[in-house]
Amino acid sequence: MFLLKTSNRHRQIIVIKTPNQMETVVNHIEVAIALPVFQTFTYSVPESFADFMATGKRVLVPFGQRRVTGYVFGQSQGSNTKEIKSILDILDEVPLFPSSMVPFFKWISDYYKYPVGQVVKNALPGGLNIRDYASVAITEKGRHVLAHDRLATIARDVLSQLRSGSVLVKDLNKKIKRDIPGTLLYSFERCGWITKEWKLAGQKTKARLERFVRLADTTLPVDHLSKTRTKIIDVLHIEGEISLKKLKETVPTAAALIKSLENEGYVTIHYKRVYRDPFGESIEPDRAHILNQEQLKAVSQSSNYLTKGYKTFLLRGVTGSGKTEVYMQVAAEALKNKLAVLVLVPEIALITQMERCFRARFGECVAVLHSALSTGERYDQWSRIIQGQATIAIGARSAIFAPFRNIGVIIVDEEHDASYKQEGSLRYNARDLAAVRAKQNECVALLGSATPSLQSYYNAAIKKFTELTLEKRVEQRPLPDIRIVDLRQSRDMRGIRRFITPELQEAMKASLERGEQILLFLNRRGYASFPVCGACGQPMRCKHCDISLTLHQQANAYRCHYCGFSRAATSKCEYCGSDKIRHLGLGTEKLEAMVASIFPKARIARMDRDTTQRKGSILKLLKGLKNRTTDILVGTQMVAKGHDFPNITLVGIICADLSLSFPDFRACERTFQLLAQVAGRAGRGDKRGSVILQTYNPDHFSIAAARQQDFIAFYRQEINFRKALNYPPYSRMVQLKISGKDPHETENHARLLGDLCRGLKAPPPDDYQSVEVMGPIEASLTRVAGRFRWQVLLKGLTATVLHQFINRLMSENPKVFARHPVQVTIDVDPYFMM
Ligand code: ADP
Ligand code: ZN
Ligand code: ZN
């Protein structure tokens, strides 16, 4: 086996030669495989690879009958001496992650019960994985047979197809328009008519290279050159070196001309790696604010720890207290100490804002990582971090995997935010991982929020975290004045007036007259969330889910928010065939229409998942607010998040109760956070802000506490409930989610799982006395996307005991956790209980 890597100026060629079995093995490495297996494997490294080998690179390894991608975790710590296979290739020139991340990946795999190689695969930017494809080619003997022998039709077809060159097996079926049995190809191979070879395909992400032009010889005469060529030379005199792309702005035909200029010795052309800018806005540099007393204290307390080991701080600062400035100054201190900074922000809208702040302060050393970037862009940003060009990374939850070697501080803004919890595939919480990574890297974690999660504040209360507080808004700005409007009084109203109460309408009118901006918050998208048949009273339901459809007027369809199922807006009642459908239930789309009918002159925009699908649309909406081309922004929880727009003076909360009725023990916590956050968007400039909070439950403690913006009052009440019911943070939870297409099979599997759990608890001595097994019960959404859903909830006093329990459950009953036909998913520290 030999690897030839020619790195000429602009291309990297990897050639794989046939393995040489005689080669000396120089060492053994530990490799994590990107397949659903929990353990790592040992492979040997032949001598010719030794110089290229490093932890954090991908390798191609044989695994069973296949060749798969693996990740090098370092020297193997002794193997179980079975036959050790040799790696086939090294796939990266530079490592994709530092060796300090290996324990992090292992911790995640163990804690969240997810195969370790797939943890790494999840962490790396997409598009890097390569796959194996078989390709077949015809031999001389095959050609001879084809020309002279009588063959079955299918044999003739296959061989004829191969006459013009080798073909991937997967494409062969398509080309001759019928299924070719694998055995047929094997027999051809055995007869020596064809040869099979493995080809690599699927690697999509490559570095982007651009052509740059530079003056070569300045002494050459230029008088005989054409006008345009002279112009190119002139530009190069000024610029020194310039990208062809830029040059074309002045000389559109440059591409054709530079080649000849190069041949004549005037210029040199070379390729350079360029980084795709995710937003492409130019950002003006800014200077640090002079910190107020509270900010100063927070900055000095946390930066004092920067080089002293692990500590997690919880920065609780009311909305508008200047937490971002604290983050930036702590970050500056970290950079001074030559340490990297990791900033996690909920979702994309806030990344833009945080990115702008950090770019303005720190310039080019900022990398951005989030899901809205194209694969290529993400790959570029990743490389900048690996190569040390970026020392600050800002991103959504997956940025917790940014491949920094030496981290000074991991900042988690709006740490309470639900978007830190990943729900699909690898179920993790990035906020929790921030503390884990900080501990492993012996650095500082700084979690900030105006409305901390109960979990984090509890950790501060028991001194696991250190609390820092900002009690006041910057420059003595007052908190907004929050007025409660009782929706029960307008219960009998019809149409618009039921939700745009006279109080709200009055306040909106006054704000508009003063030329100020308004935010209206309603946590439900679509036009009508509860379409009901006017004749028989049946609601319009999703075909695949146990949920009502939502009418989307713009899309002209009823849609399911869980599985995407849709029916035409002209659909009739499925039960009685009536076409009189009443569009009950208010969504942001209807709200927008109502507001437009009351204030026809106002410029209204809407921000929810429907209006922010397209790339750049969020940015556009935020720009509208910033440039004051939008007077009223209507939106879902997307508008509640940390935005800082000084001209918003009125916030209207249309119906505060929507999240209260969820069957989830965090319903009160979420409601409080949402209301306090959205209220906090008002009055962030010089003018005082006011909030109108409409509710059916004016006396509910979550709503009362949000009205006072009093986190502590909320915490004291809520923590007592949690304690009384032994809910987190007083216990830990693991949820087993059971789902399948057949209702009985699913139920049976859930019951079996429940019995197995209880069985583990039963035998004395009871190791798992503190583990409570709840269920199985049907999930509150009993069916989603055609799958029936059940759950078993495990509650334990510590994470350790729960993990021991789960480990035993899994190792003793591997079949129960195998995927088919009923799927069991393990959700450690579950967040959405429905
Ligand atoms: P938070 O995240 O705490 O809600 P921000 O960090 O968005 O608040 O800060 C609110 C505003 O206050 C921002 O416009 C910021 O530039 C400004 N600000 C922050 N610190 C100071 C300071 N020390 N003096 C003056 N203005 C400040
Ligand atoms: Zn009907
Ligand atoms: Zn559905």
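Every number for a ligand or one of its atoms is a count from 1 in the order of the listing. In this chain, residues are counted from 1 in sequence order.
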Which of the numbered atoms in ligand 1 are under 4.0 angstrom from any heavy atom belonging to [X]?
X    : result
E475 : 25 (C)
T319 : 4 (O)
T324 : 2 (O), 5 (P), 6 (O), 7 (O)

Tell me which part of K323 gets within contact of ligand 1: side chain, backbone, both or neither, using heavy atoms under 4.0 Å.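 Contact part for K323 vs ligand 1: both backbone and side chain.
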
Is it the side chain, the backbone, both or neither of L470 that has a heavy atom closer than 4.0 Å to ligand 1?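 Within the 4.0 Å criterion, L470 makes no contact with ligand 1.
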
Using a cut-off of 6.0 Å, state whether more than 12 heavy atoms not belonging to [X] lie near its atom [atom1].
X    : atom1 : result
R716 : CZ    : no
K737 : NZ    : yes
Q613 : CD    : yes
Y562 : OH    : no
K687 : NZ    : yes
K421 : NZ    : yes

When you measure from the centre of the six-membered ring of Y305, is the NZ or CZ of K311 under 6.0 Å away and within 45° of the axis?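 Pair K311/Y305 counts as cation-pi.
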
4.0 Å heavy-atom contact, G317 with ligand 1: no

Residues T588 and T636: side-chain donor-acceptor under 3.5 angstrom: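 Judged by distance alone, the side chains do not pair up.
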
Taking side chain to side chain contact (heavy atoms under 4.5 Å, CB included) as the criterion, tell me which of V343, L306, L335 meets it with V409. L306

Kindly report the SG-the Zn ion (ligand 3)-SG angle for C542 and C563 respectively, rounded to 10°.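 With the Zn ion (ligand 3) as the vertex, SG (C542) and SG (C563) sit 100° apart.
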
Is it true that H744 and H749 have ring centroids separated by less than 6.0 Å?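 Centroid separation for H744 and H749: 6.0 Å or greater.
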
Under 6.0 Å between ring centres, would you say that holds for H544 and F565? yes

[X] versus ligand 1: do any nitrogen or oxygen atoms come within less than 3.5 Å of each other?
X    : result
I290 : yes
G322 : yes
E325 : no

Gap separating the OG1 atom of T630 from the CD1 atom of I648, nearest 0.5 angstrom: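 One finds 10.0 Å between OG1 of T630 and CD1 of I648.
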
Under 2.8 Å from the Zn ion (ligand 2), which protein N/O/S atoms are there? C533 SG, C536 SG, C573 SG, C576 SG

Of all the atoms in H561, is at least one N, O or S atom closer to the Zn ion (ligand 3) than 2.8 Å? no

Using a distance threshold of 2.8 Å, state whether an N, O or S atom of C545 lies below it from the Zn ion (ligand 3). yes

